[in-house]
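So the structure is just underneath, and the comments pick up after that.
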Amino acid sequence: MVGTYLGMPAFPEAARDAVRDERLRSNLTHATHTIRDKRAKAVAELPDWGRLRAAGAAIKDRTLRHLDHYLERLEESVTAAGGQVHWAADAREANRIVTRLVRETGEEEVVKVKSMATQEIGLNAALTAAGIRANETDLAELIVQLGDDLPSHILVPAIHRNRGEIRDIFAERMADWGRPAPEGLTDSPRDLAEAARLHLRQKFLNAKVGVSGANFMVAETGTMVVVESEGNGRMCLTLPETLISVVGIEKVVPTWRDLEVFLQLLPRSSTAERMNPYTSMWTGTTEGDGPRTFHLVLLDNGRTDTLADTVGRQALRCIRCSACLNVCPVYERAGGHAYGSAYPGPIGAILTPQLRGVASELDASLPYASSLCGACYEVCPVAIDIPEALVHLRERVVEGGEVTVRGTRTTVRPARGHAAERAAMRASRWALDHPGVLRAGQRVAGRARRLAPRRLPGPGRAWTDTRDIPALPAESFRDWWRRTREKPTRESGNGTKGAGR
Amino acid sequence: MSGRDVVLGRVRRALADVPRDESPDDVPVARDYATTHSPADAVETLAENLADYRALVHRADAAALPGLIARLLAERGSRSVVTPPGLPPEWLSGTPEDVRRVADAADATPHDLDAVDSVVTGCALAIAETGTIVLDGGPDQGRRRITLVPDHHICVVRVPDQVVDSVPRALPLLVPDRPLTWISGPSATSDIELDRVEGVHGPRTLEVVLVRA
Ligand code: SF4
């Protein structure tokens, strides 16, 4: 994979380029609105959704507050079931472990099922450098890989490509990686999916090593869970002789029973389905069925730094459903690449700066890539208060303060006067300069009131430094106007697409 | 220091705010969500939800089952079928002998399985609310790969015995240390402009037979 997130411009610059790209914008608008409406229907089928959501958040909180306990428990269970557990403090360590494990098999090729953790650590590049070819097998990841491109959406990584572009990529590039695309390939999604099936089939049947992530790991039983749609996951998890799973330490859940909550929350939030087509669960190895060797690589890479921040910690509840992307007015306009990491959208805006620290311009600008409208919080199946975390991270950018970096507590200096602050200001202005974003942003004050920051974060800070924040009315003018003059919008909690679009 | 010590050490330092005497159970988890959404007729709901995700649903009584399976294989033009070791022999008793039976053998390669047209299995259970069948590698289901590589899967569900209402009802009945595959319709992708295409990898045709005892 040639693409890299390193050296990406700060959010506002990248977002500006995306806004100029009309095709990207229309793909994104179509995609996010389609998923958003379907999700609302799937969620409405469960009258106890709110209680499931609260339980999901509570289970994750329980896990995070006792993460050491559950990780040790998990290690015990996985080992007892015949798996081998490895611990990686950072990306380099994880890549080194996986490379070594692949080398020990004597193989030079692996099949991969989509995994954000391996995207985050740049595993494919590390394997390539070691002479090992990593074949992505999700349709979207294949499109991205063949196009020397970067994913732009958690769930639909090739959301920025339309069918014509995908046809061209397949026709031109498949031959370089294996079985070429059929002659006369059309741009119908069915034909394109068929071309991918044929291309990947050979790879699955010959695969000796599979690499995956996991959606959940059950501490009590040592069970790994992968939720998917296309069947490439089952192929990678079942056919190879060796399976290596790289999983963030926050993916552990305490008990088997806890899956009853997450297996209801995730599919409906993510693909808006009652259940996704395939879910695989395996515990260590099973004699005569599936891989003979199973390695679990537990990944930290900034997660413990995030855990150390009592406000930012909640970002680790994330189950990567992508619902927050699909309702985000900033994401819709800026596209996924502007976020400069494996994690785009609202969750990326709070997770990336914590995983990597806010030292770079890009990372400092991310907490400003939002109008704080709160739509992300409303849809989040584990109730992560993303606006709260954003405000918190903005304070850190502007004021500096205590943070944990690679396990060590350090004090970061305020970004004031630095390039990072200027990037942050530009991101903020960018969000406020866009009418659709601004409309949503009118709820900023409404939310901020509840969050009660000591000062206005970001650009407002210079102003509040010399004044007390004036007592804001309980309702912003615009909310009041809408409430009293306009018909209520159909869906509550997401005022971004009402009148005056 | 080992990677393990580094990571666990960092976790413990990061949790300095958690009181030392707090135990995991001190963090409350309210389980006041529903254990079932009480579908009026679980078997009907299962059938509807399976069909909604493009599984082909058939019904039969025990006597009609062999004939139905034979017909489904014939309609598909299947010349060969994989059978798990514990498949009730009568299920294939109506299928002509010239449809080759392929055993679920330990030494069969994925390439061997790729040359087989169909697979017939039972299941561990089925979940009505989500339209899901669950396989657990039991004797009438076989190794995971036999329901993965062939392009046509016929799965027999005994109703109403094997049908549960919901995910919370299903989990306690499943054994975690068996390899489990949850199947809700044939594979699908929406990766191209969000147009749903059914059948990418795995069996592109899933036929579920609901059998009344
Ligand atoms: S933050 Fe919440 S809504 Fe966003 S991807 Fe994570 S779980 Fe889903």
Side-chain angles (χ1 to χ4, degrees), chain A residues 31 34 48 51-52 54-55 58-59 61-62 65-69 81 87-89 93 139-140 156 158 162-163 166 189-190 192-193 197 205 221 223 229-232 234-235 238-239 256-257 259-260 263-264 274-283 286 288-290 300 304 307-308 310 407, chain B residues 2-4 6-15 17-18 22 24 27-34 37 49 53 106 110-111 114 127 129-132 137 143-145 148 167-168 171-172 176-195 197 200-202:
Chain A
T34 308
D48 57 335
R51 277 165 290 170
L52 280 167
I59 292 168
D61 280 349
R62 171 184 284 180
R65 286 177 75 85
H66 297 276
L67 191 57
D68 50 338
H69 166 78
W87 301 72
E93 184 69 11
L139 181 49
V156 201
N162 64 25
R163 60 184 73 193
I166 295 168
R190 184 159 298 282
L192 294 171
R197 175 182 169 94
L205 297 180
T221 59
T223 308
S229 296
E230 293 171 17
N232 61 310
R234 290 178 70 192
M235 293 276 178
T238 314
L239 298 183
W256 177 248
R257 184 185 177 188
L259 292 177
E260 73 188 17
L263 290 180
Q264 294 193 77
R274 292 181 197 101
M275 190 60 85
N276 49 286
Y278 294 143
T279 297
S280 295
M281 302 183 184
W282 73 98
T283 304
T286 304
D289 187 352
D300 177 352
T304 49
L307 188 67
T310 52
Chain B
S2 71
R4 180 181 195 279
V6 173
V7 176
L8 284 174
R10 285 182 185 174
V11 170
R12 291 188 180 116
R13 284 198 300 281
L15 293 172
D17 62 303
V18 177
E22 181 182 299
V27 186
V29 174
R31 307 243 181 210
D32 53 358
Y33 48 83
H37 299 90
N49 286 340
Y53 288 148
H111 286 278
D114 195 35
I127 306 170
E129 284 181 5
T130 57
T132 304
R143 292 177 174 79
R144 282 174 284 175
R145 62 189 189 186
L148 175 61
V167 172
L171 282 164
D177 55 10
R178 304 185 72 107
L180 300 173
T181 306
W182 297 43
I183 301 173
S184 311
S187 67
T189 182
S190 301
D191 279 353
I192 302 164
E193 295 181 13
L194 294 179
D195 263 12
V197 176
V200 194
H201 312 292

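Naming: A, B, ... by sequence-line order, numbering from 1 per chain. Worth knowing before you read on, the calculation uses all heavy atoms, side chains too, and leaves out hydrogens, waters and symmetry mates. Because the structure is a prediction, the values reported are computed rather than measured.
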Hey, which of [options] has the most heavy atom pairs under 4.5 Å with chain B?
options	result
A:S280, A:G407, A:A54, A:A81	A:G407
A:R163, A:R190, A:Q264	A:R163
A:G290, A:A55, A:G288, A:P189	A:P189
A:T34, A:T223, A:L52, A:L192	A:L52

Do you know which two heavy atoms are closest between [X] and [Y], and how far apart they sit?
X	Y	result
A:A58	B:P28	CB-O, 3.5 Å
B:L171	A:W256	O-NE1, 2.9 Å
B:P176	A:T283	O-OG1, 2.8 Å
B:P186	A:P277	O-CB, 3.8 Å
A:T304	B:R10	OG1-CD, 3.4 Å

Could you give the distance from [atom1] ([X]) to [atom2] ([Y]), rounded to the nearest 0.5 Å?
X	Y	atom1	atom2	result
A:W87	B:S2	CH2	OG	9.0 Å
A:L239	B:R145	CG	CZ	8.0 Å
A:L307	B:L15	CG	CG	4.5 Å
B:Y33	A:D48	OH	CG	9.5 Å

Would you mind checking which part of [X] comes under 4.5 Å of any heavy atom in chain B, side chain (CB onward), backbone (N, CA, C, O), both or neither?
X	result
A:A88	backbone
A:T310	side chain
A:D300	side chain
A:A89	both
A:E93	neither

With only heavy atoms counted, which part of [X] is less than 4.5 Å from chain A, the side chain, the backbone, both or neither?
X	value
B:V18	both
B:R13	side chain
B:A30	backbone
B:R31	side chain
B:T132	side chain

For [X] and [Y], indicate whether the former's side chain and the latter's backbone hold a donor-acceptor pair under 3.5 Å.
X	Y	result
A:R197	B:G202	yes
A:D289	B:R144	yes
B:Y53	A:M275	no
A:R62	B:P24	yes
B:T189	A:E230	no

*asked:* salt bridge (charged side-chain N to carboxylate O under 4.0 Å, His left out), that's the test. Do A:D68 and B:R12 meet it? Break it down for me.
replied: CA-CA 7 Å; A:D68 50 338; B:R12 291 188 180 116; 3.0 Å; yes
So which of [options] has the largest heavy-atom pair count under 4.5 angstrom toward chain A?
options	answer
B:A188, B:G185, B:G131	B:A188
B:V6, B:T181, B:D32	B:D32
B:A106, B:A34, B:G9	B:A34
B:D177, B:I127, B:I183	B:I183

*Any A:M235 side-chain heavy atom under 4.5 Å of B:L148 side chain*: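 Yes, side chains in contact.
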*Sequence neighbours left out, what passes salt bridge (Lys or Arg N to Asp or Glu O under 4.0 Å) with A:R65? Give chain and number order.*
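If we apply the salt bridge (Lys or Arg N to Asp or Glu O under 4.0 Å) test to A:R65, skipping adjacent residues, the hits are B:E22.
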